[in-house]
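Index from 1, following the sequence. Heavy-atom basis, side chains included; hydrogens, waters and symmetry copies ignored.
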Amino acid sequence: MDLFFYITVIISLSLLYYGYVKKKDNELKEKEIALEEKKVELEMKKLDHNKEYQEQGEKEREV
């Protein structure tokens, strides 16, 4: 009976640890995706700003 108890405790601790590690992995992936999304938004803003700057320069040349 003691051996069965120890095996049960070891397995349950292993499962808890595995769940903890998976949770941390998922959180890290979420943060990486959020960072990538912010990079894309920043790149879009840069492109919009460059486009506006070029349009403004063309208007000044026409005048």
Side-chain angles (χ1 to χ4, degrees):
M1 192 71 168
D2 289 333
L3 181 63
F4 180 71
F5 174 73
Y6 290 121
I7 290 174
T8 305
V9 169
I10 290 172
I11 290 174
S12 43
L13 289 176
S14 298
L15 289 174
L16 286 173
Y17 179 74
Y18 177 74
Y20 175 77
V21 169
K22 281 301 213 181
K23 180 181 175 187
K24 289 295 178 184
D25 272 351
N26 288 340
E27 289 175 356
L28 180 62
K29 286 179 184 179
E30 285 179 17
K31 288 180 182 179
E32 287 175 350
I33 290 172
L35 180 62
E36 193 66 32
E37 183 180 335
K38 287 181 182 180
K39 285 181 182 178
V40 169
E41 289 177 3
L42 180 62
E43 191 64 31
M44 288 172 53
K45 286 182 181 179
K46 284 181 183 178
L47 292 173
D48 287 343
H49 179 67
N50 287 340
K51 184 179 178 183
E52 290 174 4
Y53 182 74
Q54 288 176 351
E55 288 175 356
Q56 203 173 40
E58 289 175 359
K59 287 181 183 177
E60 289 177 359
R61 289 183 202 146
E62 290 176 358
V63 173

Spacing of Asp48 atom CG and Glu43 atom CD [to the nearest 0.5 Å]: 10.5 Å

With sequence neighbours excluded, residues passing salt bridge (Lys or Arg N to Asp or Glu O under 4.0 Å) with Glu27: Lys24

Value rounded to 0.5 Å, distance of CD in Glu30 from CG in Asn26: 7.0 Å

Residue that, paired with Asp2, satisfies side-chain contact (heavy atoms from CB on, under 4.5 Å) out of Phe4, Phe5, Tyr6: Tyr6

Among Val9, Leu3, Ile10, the one residue meeting side-chain contact (heavy atoms from CB on, under 4.5 Å) with Ile7: Leu3

pair Lys39-Leu35: side-chain heavy atoms closer than 4.5 Å: yes

Side chain to side chain contact (heavy atoms under 4.5 Å, CB included) between His49 and Lys45, worked out: CA-CA 6 Å; His49 179 67; Lys45 286 182 181 179; over 6 Å; no

Straight-line distance of Lys29 NZ to Glu36 CD, nearest 0.5 Å: 15.0 Å

Between CD on residue Glu52 and CD on residue Gln56, distance to nearest 0.5 Å: 8.5 Å

CG-CD1 distance between Leu28 and Ile33, expressed to the nearest 0.5 angstrom: 10.0 Å

